[in-house]
Amino acid sequence: MPDDTPRRTYTDLFRTPEFSPLFLSSSANIAAQTVSGLALGTLVFRATNSPLLSALSMFGPALAQVLGATFFLSGADRLPPRATLAGLALAFAGATSALALPGLPVWAMLAIVLAEGLIASLGGGVRWGLLTEILSKNGYLSGRSLFNMMSGVMQIAGYAAGGVLVAVLSPRLCLLLAAALYGTSAALALRLTRRPPRASGRPSVRATWSANARLWSAPARRHVYLALWIPNGLVVGCESLYVSYDPRAAGTLFACAALGMLAGDVTVGRLLPPRLRPRLGIPLLVLLAAPYLVLFLRPPLPLTAVLVALASFGFGASLVQQERLVALTPDDLSGHALGLHSAGMLTMQGVAATAAGTVAQLTSPATAMTVMALASLTVTFALTAVSRRGATDGGLWPTRAAGAVRAT
């Protein structure tokens with residue numbers, strides 16, 4: 001049966017020791033990513049007039065996540081979280097400052113952001129593993145919901161402010177602002193308590209491969225991972241084309257997408273009763289892609305903004321899937337499992353951004369959005385069909401009778 005344990009209120013979460021510094025550090029990190037992504041995408045598009053290179057500059061770093069997940073992810077449970085989070089934020093501050101150097105060629109910018117993606121693969125596992133430790137697995141959904149809400153707010157503010165600053169000042173000044181925000185994130189991470197690693201042993205490639213194989217061995221977890229990675233990754237491919245779809249309104253579209261995601265996270269994380277959540281996984285994934293089919297007609301900006309916000313409401317499906325993944329994962333692999341989710345999701349987003357940019361280069365951004373949305377819907381329906389055949393064994397969308405599956 002689904003967990004009916006009363007969820008903590010958001011006030012309760014902030015009363016929990018260590019939650020506030022982790023939350024504030026992550027907030028500064030998201031704000032920095034938002035501002036730097038928009039600034040870099042605009043800078044590259046102005047220099048090249050290429051939808052593909054613009055999309056790659058914003059979402060290409062996610063392509064490197066697969067390498068990090070392959071070689072480094074065992075460190076998510078085997079490294080001290082405070083020092084790791086602070087060190088990663090400082091590394092991003094330095095790399096983002098380098099991106100602001102005048103005269104830096106586009107190929108060098110792409111090399112830097114790909115390096116950022118490689119080291120970022122470790123950050124998600126450390127952060128979300130620490131969250132399960134601070135709140136316990138029963139509190140993870142409420143905590144992650146609040147983090148997602150924060151991400152939505154930071155993206156709304158970051159894209160809105162970044163759009164203004166890019167237009168009024170310059171993309172390079174925005175990159176320097178982002179570097180300062182990464183430095184703030186590092187300082188806030190140092191307010192966390194020193195904690196030992198959650199698992200013994202040194203991080204290694206062999207340990208990473210062994211844990212990945214262990215997590216991938218269970219069919220129920222495989223289905224959850226695929227649903228977390230592919231449908232939403234393909235829709236992020238649509239988002240990667242905002243700059244080339246409408247350069248003057250890209251900040252507005254990104255902000256509306258963040259607003260829709262915020263509404264979806266609040267609804268799924270706080271308003272829906274636990275028994276209802278698993279039943280909405282499929283409808284939310286359908287909603288995530290369907291509105292983008294209309295953009296092929298090039299509707300006016302107000303309607304486009306509404307459609308983008310409506311689609312992004314569907315990102316709430318990831319909370320349903322993450323809750324399922326946490327329930328299926330043993331404690332000693334919690335950070336690794338969530339890090340694998342984060343790395344795989346971001347990698348798929350990078351692949352989708354590359355594919356979307358390629359299609360847009362050959363056709364148009366509106367056509368590419370339609371293609372990516374159709375692909376997302378196709379994958380959702382295919383995964384649903386496969387999962388329902390195995391529902392009695394704990395499939396992706398479990399029935400009430402199959403809701404309790406033991407973590408292995």
Side-chain angles (χ1 to χ4, degrees), residues 2-3 62-63 65-74 76-77 121 124-125 128-129 132 137 140-141 144 205-236 277-282 284-286 288-289 314-315 317-352 375-399 401-408:
D3 182 14
L63 289 170
Q65 294 274 340
V66 68
L67 295 177
T70 301
F71 297 111
F72 307 133
L73 198 49
S74 60
D77 293 302
S121 61
W128 306 129
T132 64
K137 285 189 174 183
Y140 176 81
L141 180 71
R144 188 60 190 265
V205 175
R206 174 179 289 183
T208 299
W209 289 355
S210 175
N212 284 346
R214 184 179 170 192
L215 289 167
W216 196 251
S217 64
R221 280 197 295 263
R222 282 202 302 272
H223 290 162
V224 174
Y225 275 128
L226 291 173
L228 280 165
W229 294 342
I230 303 179
N232 91 11
L234 291 167
V235 169
V236 170
R277 282 198 302 265
R279 301 177 185 275
L280 293 181
I282 298 170
L284 286 170
L285 285 179
V286 172
L288 183 62
F315 280 117
S318 70
L319 283 177
V320 178
Q321 297 151 0
Q322 286 177 62
E323 184 179 36
R324 181 84 177 130
L325 178 62
V326 168
L328 290 167
T329 302
D331 291 340
D332 65 323
L333 284 178
S334 60
H336 193 116
L338 292 166
L340 182 61
H341 146 56
S342 180
M345 177 186 67
L346 291 171
T347 297
M348 185 59 209
Q349 290 176 3
V351 170
S376 179
L377 289 170
T378 300
V379 171
T380 293
F381 293 139
L383 285 173
T384 300
V386 171
S387 185
R388 279 179 169 169
R389 285 200 295 268
T392 55
D393 297 319
L396 176 58
W397 314 119
T399 60
V405 177
R406 186 175 302 158
T408 58

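Contact check for V326 versus W128: no side-chain heavy atoms found under the 4.5 Å cut-off. H336 is listed as a side-chain neighbour of N212, based on a closest heavy-atom distance under 4.5 Å. Taking the side chain as every heavy atom from C-beta outward, V320 and L280 never approach each other to under 4.5 Å. Between V224 and Q321 the shortest side-chain heavy-atom distance falls below 4.5 Å.
Heavy atoms only, all atoms of each residue included: G281 and A317 are closest at O-CB, 4.0 Å. Heavy-atom minimum distance, L226 versus P231: O-CD, 3.5 Å. Closest of all the heavy-atom pairs between S376 and V235 is OG-CG2, 3.7 Å.
Between L325 atom CG and L338 atom CG the span is 6.0 Å, to the nearest 0.5 Å. Between L284 atom CG and S318 atom OG the span is 9.5 Å, to the nearest 0.5 Å. Considering CZ of R221 and NE2 of H341, their distance stands at 15.0 Å, rounded to 0.5 Å. To the nearest 0.5 angstrom, R144 atom CZ is 11.0 Å from T132 atom OG1. Atom-to-atom distance recorded for L228:CG and H223:NE2 is 13.0 Å, nearest 0.5 angstrom. Between the CG atom of L285 and the CG atom of L383 there is a distance of 8.5 Å, given to the nearest 0.5 Å.
Within a 6.0 Å radius of CH2 in W216, other residues, nucleotides and ligands contribute more than 12 heavy atoms.
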Run the side chain to side chain contact (heavy atoms under 4.5 Å, CB included) check on M348 and N232 step by step: do they pass? CA-CA 9 Å; M348 185 59 209; N232 91 11; over 6 Å; no
